[in-house]
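Remarks on the structure that follows.
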Amino acid sequence: MFPARVLAGAPLALVILALSGCSSTWGCADTTAERGKAGVRVQVEDTSGQPLGVTAKVVDWRLEPHPQVPSDGDQVHFHYRFDSADERSGPAVDACAVDKKRVALMCQTVSSSQAWPGPDCDLTGDRWLTVEHPEQVAGVLLIPNDQSYDGPTCETDIKDGGGTHPPKPASIGDQL
């Protein structure tokens with residue numbers, strides 16, 4: 001008698017497991033946002049392409065030896081600014097030194113949380129990019145996609161993961 005009751009409840013238990021996310025058929029899906037158009041001044045955007053109300057800008061850049069390792073020769077030293085950003089939880093964007101064809105020579109992510117408050121309530125910072133051929137550098141561009149948060153993927157969390165993720169960070173050789 002007892003085994004018949006257990007067997008009768010088994011389909012219900014499977015339905016509950018399937019609906020709770022314990023099944024591989026949960027319906028989790030990961031997508032990647034499209035990379036936005038790089039520029040010297042960009043409106044930072046979320047993974048759906050909507051503006052966050054924050055502007056990121058390359059203020060200036062130059063080739064010069066890094067003061068801590070002058071023997072390495074010229075590197076790209078640039079200053080950046082975030083307008084209307086929160087210094088604790090604000091956005092982060094990729095910054096890339098590019099050649100005249102806008103091909104990335106070196107990139108790194110810069111964050112408003114790594115900047116300091118400026119006189120106009122903006123957040124400013126500076127960074128160094130080490131490139132193999134500094135003579136090829138024609139400018140520094142920012143990519144508008146916010147890189148500050150990338151939630152869990154379906155692979156790491158089948159129940160709560162998924163959704164749209166920021167594009168992969170830019171790397172050497174990417175056409176911007």
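Throughout, numbering of the chain's residues begins at 1 and tracks the sequence.
When the side chains of ILVMFWY residues are joined at heavy-atom separations under 4.5 Å, either directly or via intervening members, Val59 and Leu123 end up in two distinct hydrophobic clusters. Hydrophobic clustering, with ILVMFWY side chains joined whenever heavy atoms are under 4.5 angstrom apart, groups Val98 together with Val40.
In this structure Arg81 satisfies the salt bridge (Lys or Arg N to Asp or Glu O under 4.0 Å) test together with Asp83, Asp122, sequence neighbours excluded.
Between Ala138 and Lys100, the shortest heavy-atom contact is CB-N, 3.6 Å. The minimum heavy-atom distance linking Pro134 with Leu63 is given by the pair O-CD1, 3.4 Å. Nearest heavy-atom pair, Ala104 versus Ser171, reported as atom, atom and distance to 0.1 Å: CB-O, 3.4 Å. Residue Pro65 comes nearest to Asp74 through the heavy atom pair CD-OD1, 3.3 Å, listed as atom of the first residue, atom of the second, then distance. Nearest heavy atom pair, residue Phe82 against residue Ser112, reads CE1-N, 3.5 Å. Across all their heavy atoms, Val54 and Ser84 have their closest contact at CG2-O, 3.3 Å.
In this structure the side chain of Val76 reaches within 4.5 angstrom of the side chain of Trp61, judged on heavy atoms. Counting only heavy atoms from C-beta outward, the side chains of Val58 and Leu142 approach each other to under 4.5 Å. With contacts defined as side-chain heavy-atom distances shorter than 4.5 Å, the pair Val44/Pro144 does not qualify. In this structure the side chain of Gln75 never reaches within 4.5 angstrom of the side chain of Glu64, judged on heavy atoms. Residues Ile143 and Lys37 fail the side-chain proximity criterion, which asks for heavy atoms closer than 4.5 Å. In this structure, Thr32 and Lys168 have side chains that are not in contact, with every pair of non-hydrogen atoms separated by 4.5 Å or more. Between Gln136 and Val131 the shortest side-chain heavy-atom distance does not fall below 4.5 Å.
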Given side-chain contact (heavy atoms from CB on, under 4.5 Å), test Phe78 with Leu129 step by step and report yes or no.
-> CA-CA 8 Å; Phe78 70 99; Leu129 294 169; 3.7 Å; yes

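The CH2 atom of Trp116 sits 5.0 Å away from the OG1 atom of Thr124 when rounded to the nearest 0.5 Å. For the atom pair CG (Leu141) and CZ (Arg41), the distance works out to 15.0 Å, reported to the nearest 0.5 Å. In this structure, the separation between CG on Leu105 and CD on Glu132 is 9.5 Å, given to the nearest 0.5 Å. Rounded to the nearest 0.5 Å, atoms CD (Gln114) and OH (Tyr80) are 5.5 Å apart. Rounding to the nearest 0.5 Å gives a distance of 6.5 Å between SG of Cys154 and NE2 of His165. Atoms CD and CG, on Glu45 and Asp146 in that order, are 9.5 Å from each other to the nearest 0.5 Å.
No donor-acceptor contact under 3.5 angstrom links the side chains of Asp72 and His66, judged on distance only. Checked by atom type, the side-chain pair Arg102/Gln175 shows no donor-acceptor distance below 3.5 Å.
Applying the side chain to side chain donor-acceptor pair (under 3.5 Å) rule to pairs touching residues 47-59 yields Gln43-Thr55, Asp46-Ser48, sequence neighbours excluded.
The aromatic rings of His77 and Trp128 lie parallel to each other, with less than 30° between the two planes, well short of the 60° mark.
In the displayed structure, Gln108 atom CD is contacted under 6.0 Å by more than 12 heavy atoms of other residues, nucleotides or ligands. With a 6.0 Å radius and a threshold of 12 heavy atoms from other residues, nucleotides or ligands, Gln68 has its CD atom at or below the threshold.
Not a single donor-acceptor pair under 3.5 Å links the side chain of Thr109 to the backbone N or O of Asp94. Checking side-chain atoms of Asn145 against main-chain N and O of Pro167 turns up no donor-acceptor pair under 3.5 Å.
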